[in-house]
Amino acid sequence: MGRARPLGRAATRNIRLTFSDHHGEGELSKADALLAMFFFSIALILRVLLAYHFRIDSDEPQPLHVMCAWTRGLLPYRDVFDNHMPVFQALSAPLFYILGVRADIVLPMRLAMIPLFAATIWCVWKISASIFSPRIALWTALLAAFIPPFFLTSVEYRHDDLWTAVWLMVLTVLVTGRATVGRAFIAGLLLGLTFAVSMKTSLMALSLGLACIGAVVAQRFAGCRIEAKRLILSAVAALLGIVTIQRFAGCRIEAKRLTLSAAAALLGIVTILGIIVLFFVIHGVGRQMFSCVISHNILPRVTDRLWLMKSATRWLALLPIEFFGVWLIWRWRETIALRSRLTLIFLVAAFYYSTFLSLWPLREPQTRLPFYPVMAIILAPSLLWFADSLLKRTRVFSFILPALIVAAEIALIARGGSPFANKTTGKIGLIANVLKLTDESDYVMDSKGETIYRRRPIYYMLDRITRRRMQRHMIRDDITERLIETRTALIATISRVPRHDVAFITDNYLPIAFRLRVLGKTVRSGDEQWESTRFEVVVPGRYTVVCESGKIAGLLDGTEFDGPRELTAGSHTFQQTAGVGRTMLIWARAIERGYSPFAAIEPDKMTQQD
């Protein structure tokens, strides 16, 4: 089961007696194993069902849009904007290419997240198995797997799934074995890979460094004497994220070995990041990469002194909770090695969450994803210990309570996202309409690449960060200009577009389907007499005139209207001679491909996922 060597057989026996065996539940029973198989099967079934039915978040198509550019020979950061590191897209691109152009591409790509979910839960089991009994490790993994916000968010196709899995691998390497130079190098490689998936890893690295220092301090006050010089060396190495608490179990810290471990870990981090950065530097987009991944993601408020002071105050106010948790851990009558590991795991989760709540500019649900499985390693064993203590004097089987908790988690998951109610049709239909209306060379204006397969007229995606930068005039708003310059005929989702651009779009584009608008405007509302009507065309293109009654006739710019016509930017006239009801000028291709500005459109309800 991967027991950690520093503990030794006697220490391991002591741990297992303290946490499980004196309750008679140290080893796995057949009932535990059967329940685990049943619940993990339920998890797989739920994952597949939710992959095809769970509502689509606006973040999910964004990496697919970047991948589409990759497969067409374009280069991220130069040809298409992306504020993420490139590893997730690069690893997913082959599958994206194999699946081909399809409106429901998000759904099969979600299935690729299942192995990452399994890897995360395996790491939870591995870490727990290095500390607790096999039974506790198994139930900890089960309880962690079904945490509702973790389960539902990890169903989505997003960078954070890979980010979380690799982060748990880093902790697994640090906690489940001896602190060797080779292990430090592997941890460094994995941490470098975590950075290569998302620069949000800075939050993780900070939490890991603080956790290591906190565990060292806890040992110091527990009676383990550490010389000041060696403590400083330990703290520096801990900030690099390469020292396991097992290294301090005997209170002997070798400066030479620490230095070698720190160097090995740093080499691992630099190796991964260096290869990736070098690739883009060689292709001449190093500066653009830095701008997209680093500069763009630093919000202006981070440099505001008042905000920093308030955030720091909140962070400090949460420290007593962390101190209390450490105090509880060190009150347990266990070996120093065990308490040190638990302290490290607890503080990693606690510092991560407190820093996220206090100092992180954007509190998005997906950024919480790595917190849940790590904290489960602390809370689940405590819950199981309490359940065993509660039931040890009764004839109730010990697996009943944890099984009921897992069942309750499954019920909450089903409530948060029914596996049988399809919530994906609207956004899949949007992509299908875009594919039907446009060709590969056409531009489509969307907010975050949700149309996936089409070029966007503007460089930046309109996420929360970009909109804040536009509001502060740190990014020039050239949406209207680019729509005209690129002759963009189709617009998808205007909820994120700045107000004055929305006014332009409303005046020059007509709704024809769910969240879709095409070039066009009302020429005649239907109440006026048949007389010459003047209208302005701002975006040149191929237009036609349609009437609500179907039949229409008249003079367009003084000549008989006989079908679609190229119209230049400027003033035009239409003298209608036949047709009843509203008259619309509209992009000709929309009519030719079966769309109408008079059709009933499904009501658009914006949600948090948009």
Side-chain angles (χ1 to χ4, degrees), residues 47-48 51 56-57 59-102 104-123 153-173 186-202 204 268-283 285 288-289 292-293 297 366-367 369-370 373 448-449 452-453 461:
R47 296 281 304 194
V48 174
I56 297 175
D57 191 274
D59 285 342
E60 294 185 74
Q62 180 191 341
L64 295 172
H65 177 70
V66 177
M67 268 180 269
C68 184
W70 273 88
T71 58
R72 292 176 179 174
L74 302 177
L75 196 61
Y77 313 122
R78 182 190 65 194
D79 303 314
V80 60
F81 174 82
D82 188 20
N83 64 337
H84 296 89
M85 291 293 282
V87 165
F88 179 74
Q89 299 92 313
L91 293 176
S92 302
L95 177 60
F96 178 87
Y97 180 79
I98 292 171
L99 290 171
V101 177
R102 49 191 292 175
D104 66 344
I105 185 68
V106 174
L107 308 186
M109 293 300 290
R110 281 176 166 182
L111 296 179
M113 301 298 98
I114 294 177
L116 299 178
F117 171 78
T120 301
I121 300 306
W122 179 87
C123 289
T153 304
S154 63
V155 165
E156 299 170 358
Y157 176 77
R158 53 172 67 253
H159 300 77
D160 307 274
D161 294 314
L162 178 60
W163 181 53
T164 300
V166 181
W167 167 238
L168 265 293
M169 292 177 192
V170 173
L171 295 181
T172 302
V173 169
I186 294 172
L189 284 175
L190 288 171
L191 193 58
L193 181 59
T194 312
F195 271 108
V197 175
S198 174
M199 290 306 295
K200 290 188 291 187
T201 303
S202 56
M204 295 173 170
I269 296 171
V270 172
T271 298
I272 295 295
L273 288 177
I275 291 172
I276 294 169
V277 172
L278 183 62
F279 171 83
F280 288 97
V281 169
I282 290 174
H283 286 80
V285 292
Q288 292 96 319
M289 181 184 185
C292 292
V293 175
N297 289 323
Q366 60 268 24
T367 310
L369 208 59
K448 298 171 67 176
I452 299 176
Y453 299 102
M461 66 176 184

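Note that the numbering runs from 1 along the sequence shown for the chain.
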query: Are any non-hydrogen side-chain atoms of D160 and T153 less than 4.5 angstrom apart?
result: no
query: So, N297 side chain and N83 main chain: donor-acceptor pair closer than 3.5 Å or not?
result: yes
task: Kindly give the heavy-atom pair with the smallest separation between I276 and A196, and that separation in Å.
output: CD1-CB, 3.1 Å
- prompt: Rounded to the nearest 0.5 Å, how far does CG of D104 lie from CD1 of I56?
  reply: 8.5 Å
Set of side chain to side chain donor-acceptor pair (under 3.5 Å) partners for Q288, sequence neighbours left out: none
- request: Determine the minimum heavy-atom distance between M85 and S198, stating which atoms define it.
  value: CB-N, 4.2 Å
query: Just wondering, do L191 and M204 contact through their side chains at under 4.5 Å, heavy atoms?
result: no
query: Could you state the interatomic distance from CZ (R72) to CE (M67), rounded to the nearest 0.5 Å?
result: 13.0 Å
- prompt: Roughly how far apart are I272 CD1 and L189 CG, rounded to 0.5 Å?
  reply: 5.0 Å
- prompt: What residues form a side chain to side chain donor-acceptor pair (under 3.5 Å) with D79, not counting sequence neighbours?
  reply: none
Side-chain donor-acceptor pairs under 3.5 Å in residues 106-117, sequence neighbours left out?
residue	atom	partner	partner atom	Å
R110	NE	E60	OE1	2.8
R110	NH1	L50	O	3.4
R110	NH1	A51	O	3.2
R110	NH1	F54	O	2.8
R110	NH2	F54	O	3.3
R110	NH2	R55	O	2.9
R110	NH2	E60	OE1	3.3
R110	NH2	E60	OE2	2.8

- request: Can you sort out the partners of V101 under side chain to side chain contact (heavy atoms under 4.5 Å, CB included), two or more places apart, ordered by chain and number?
  value: L435, Y453
task: Please report the closest heavy-atom contact between C123 and T172, naming both atoms and the distance.
output: CB-OG1, 3.3 Å
field: Smallest separation among heavy atoms of V80 and A69, with atom names
entry: CG1-CB, 3.6 Å
task: Kindly give the heavy-atom pair with the smallest separation between P76 and L74, and that separation in Å.
output: CD-O, 3.9 Å
task: Would you name the heavy atoms of S202 and F195 that are closest together and state the gap between them?
output: N-CE2, 3.7 Å
query: Could you give the distance from OG1 (T367) to NZ (K200), rounded to the nearest 0.5 Å?
result: 3.5 Å
- prompt: Say you draw a straight line from CZ of R78 to CE of M289; how long is it, rounded to the nearest 0.5 Å?
  reply: 14.0 Å
task: Let me know which of F280, F279, W70 forms a ring-ring contact (aromatic ring centres under 6.0 Å, His included) with Y77.
output: F280
task: Verify side-chain contact (heavy atoms from CB on, under 4.5 Å) between V170 and L193, making sure each step is shown before the conclusion.
output: CA-CA 10 Å; V170 173; L193 181 59; over 6 Å; no
query: Mind checking whether W167 and T201 have side chains closer than 4.5 Å, heavy atoms only?
result: no
message: If I take atom CE from residue M461 and atom NE2 from residue H65, how far apart are they, to the nearest 0.5 angstrom?
response: 10.0 Å
task: Taking side chain to side chain contact (heavy atoms under 4.5 Å, CB included) as the test, write out the residues that go with T120, two or more places apart.
output: F150, T164, A165, L168, P373
task: State which residues pass side chain to side chain donor-acceptor pair (under 3.5 Å) with D82; sequence neighbours excluded, sorted by chain then number.
output: H84, Q89
- prompt: Is any side-chain heavy atom of H159 less than 4.5 Å from a side-chain heavy atom of D59?
  reply: no
